[in-house]
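Please read all numbers here as calculations on a predicted model, not as lab measurements. Just so you know, ligand 1 is whichever comes first in the structure, and atom 1 is the first atom listed for that ligand.
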Amino acid sequence: MLVRLLYASRARQPASADLLEAIAATSIENNAALGITGVLCYGNGMFLQALEGDRAEVSRLYHRIVADPRHEDVVLLHFEEILQRDFAACAMGHVHMGRVNTATMLRYSPHAQFDPYRSGGRASLAMLEELMAGASIVARAERRS
Ligand SMILES: Cc1cc2nc3c(=O)[nH]c(=O)nc-3n(C[C@H](O)[C@H](O)[C@H](O)COP(=O)(O)O)c2cc1C
């Protein structure tokens with residue numbers, strides 16, 4: 001059975017490009033092996049992540065991510081059984097929210113600044129789906145050396 005989960009969290013420290021790269025490399029490698037797909041967004045010191053895959057695998061990975069000391073205030077925004085994936089092309093796609101245009105942000109948020117805690121689960125998912133359709137999500141298939 002397929003499920004989709006969305007959560008928001010705050011980086012313990014402003015995330016450097018190196019930190020984002022390290023998370024991306026681990027995620028792509030592990031998620032591909034687990035059959036998990038999704039997207040990780042970062043902006044304003046906050047993460048928004050969507051995970052899709054087998055119910056048990058998504059649950060296990062979510063618990064591992066919650067325990068990661070590099071972020072805190074992890075809040076579950078959305079969880080549902082799904083018939084098909086939205087992010088099938090991405091073991092873990094990436095979006096730098098600073099590069100998303102203001103009109104797109106405002107369509108799904110009360111304010112122009114990225115804040116998934118305020119936007120909530122349904123609007124955040126709709127935003128991710130629009131970004132995916134508009135090819136704003138970077139899907140890296142291979143690990144950089
Ligand atoms: C915001 C954030 C998102 C993460 N996303 C994933 C992910 O999608 N897949 C993954 O395997 N690890 C992800 N991680 C890293 C995990 O928390 C963990 O460090 C990694 O899975 C290695 O776990 P292990 O040391 O128990 O093997 C993420 C970490 C953070 C801070």
Side-chain angles (χ1 to χ4, degrees), residues 1-100 104-105 108-145:
M1 176 195 299
L2 280 174
V3 299
R4 182 183 302 117
L5 180 159
L6 255 79
Y7 74 85
S9 68
R10 293 181 206 282
R12 279 266 164 86
Q13 292 170 352
S16 63
D18 282 353
L19 174 65
L20 295 174
E21 177 61 30
I23 293 173
T26 312
S27 303
I28 289 165
E29 193 169 304
N30 291 348
N31 296 4
L34 298 171
I36 289 179
T37 50
V39 182
L40 178 63
C41 304
Y42 179 75
N44 282 342
M46 288 171 263
F47 292 106
L48 166 69
Q49 188 172 30
L51 300 169
E52 302 171 328
D54 175 72
R55 180 191 289 271
E57 297 293 2
V58 168
S59 300
R60 261 196 291 275
L61 177 60
Y62 177 64
H63 286 289
R64 211 160 75 211
I65 293 172
V66 169
D68 193 313
R70 293 172 289 189
H71 64 169
E72 59 194 357
D73 293 342
V74 182
V75 170
L76 184 63
L77 296 180
H78 182 82
F79 182 85
E80 64 174 334
E81 286 181 22
I82 53 173
L83 296 177
Q84 60 184 45
R85 298 175 193 244
D86 281 342
F87 311 108
C90 307
M92 191 43 63
H94 281 82
V95 187
H96 292 283
M97 295 313 294
R99 295 186 200 145
V100 171
T104 302
M105 197 72 83
Y108 301 104
S109 325
H111 302 283
Q113 291 80 26
F114 174 62
D115 185 343
Y117 293 93
R118 286 181 139 186
S119 301
R122 290 184 61 209
S124 294
L125 178 59
M127 181 189 72
L128 292 181
E129 286 165 349
E130 177 176 331
L131 294 176
M132 193 69 200
S136 301
I137 293 179
V138 181
R140 256 194 20 227
E142 289 170 25
R143 196 170 182 157
R144 264 187 244 150
S145 55

Return yes if some donor-acceptor pair links the side-chain N/O of Asn31 with the main-chain N/O of Ala91 below 3.5 Å, else return no.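 Checked: pair present.
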So does Ala112 get a backbone contact from the side chain of Ser109, meaning a donor-acceptor N/O pair under 3.5 Å?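 Absent.
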Report all side-chain donor-acceptor pairs from residues 55-62 shorter than 3.5 Å, counting only partners two or more places apart or in another chain.
from, atom 1, to, atom 2, distance (Å)
Arg55, NH2, Glu81, OE2, 2.9
Ser59, OG, Arg55, O, 2.9

At a 4.0 angstrom heavy-atom cut-off, what protein residues surround ligand 1?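 Lining ligand 1: Tyr7, Ile23, Thr26, Ser27, Asn30, Asn31, Phe47, Gln49, Leu51, Leu61, Arg64, Ile65, Asp68, Arg70, His71, Met92.
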For Arg122, enumerate each residue passing the salt bridge (Lys or Arg N to Asp or Glu O under 4.0 Å) test, keeping only those at least two apart in sequence or located in another chain.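 Per chain and number, Arg122 pairs via salt bridge (Lys or Arg N to Asp or Glu O under 4.0 Å) with no residue.
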Who are the side-chain hydrogen bond (donor to acceptor under 3.5 Å, both in side chains) partners of Gln113, not counting sequence neighbours?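 Gln113 satisfies side-chain hydrogen bond (donor to acceptor under 3.5 Å, both in side chains) with no residue once adjacent residues are dropped.
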Can you find a side-chain donor-acceptor pair between His111 and Arg118 that sits under 3.5 Å?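 The criterion, which ignores hydrogens and geometry beyond distance, is satisfied for Arg118 and His111.
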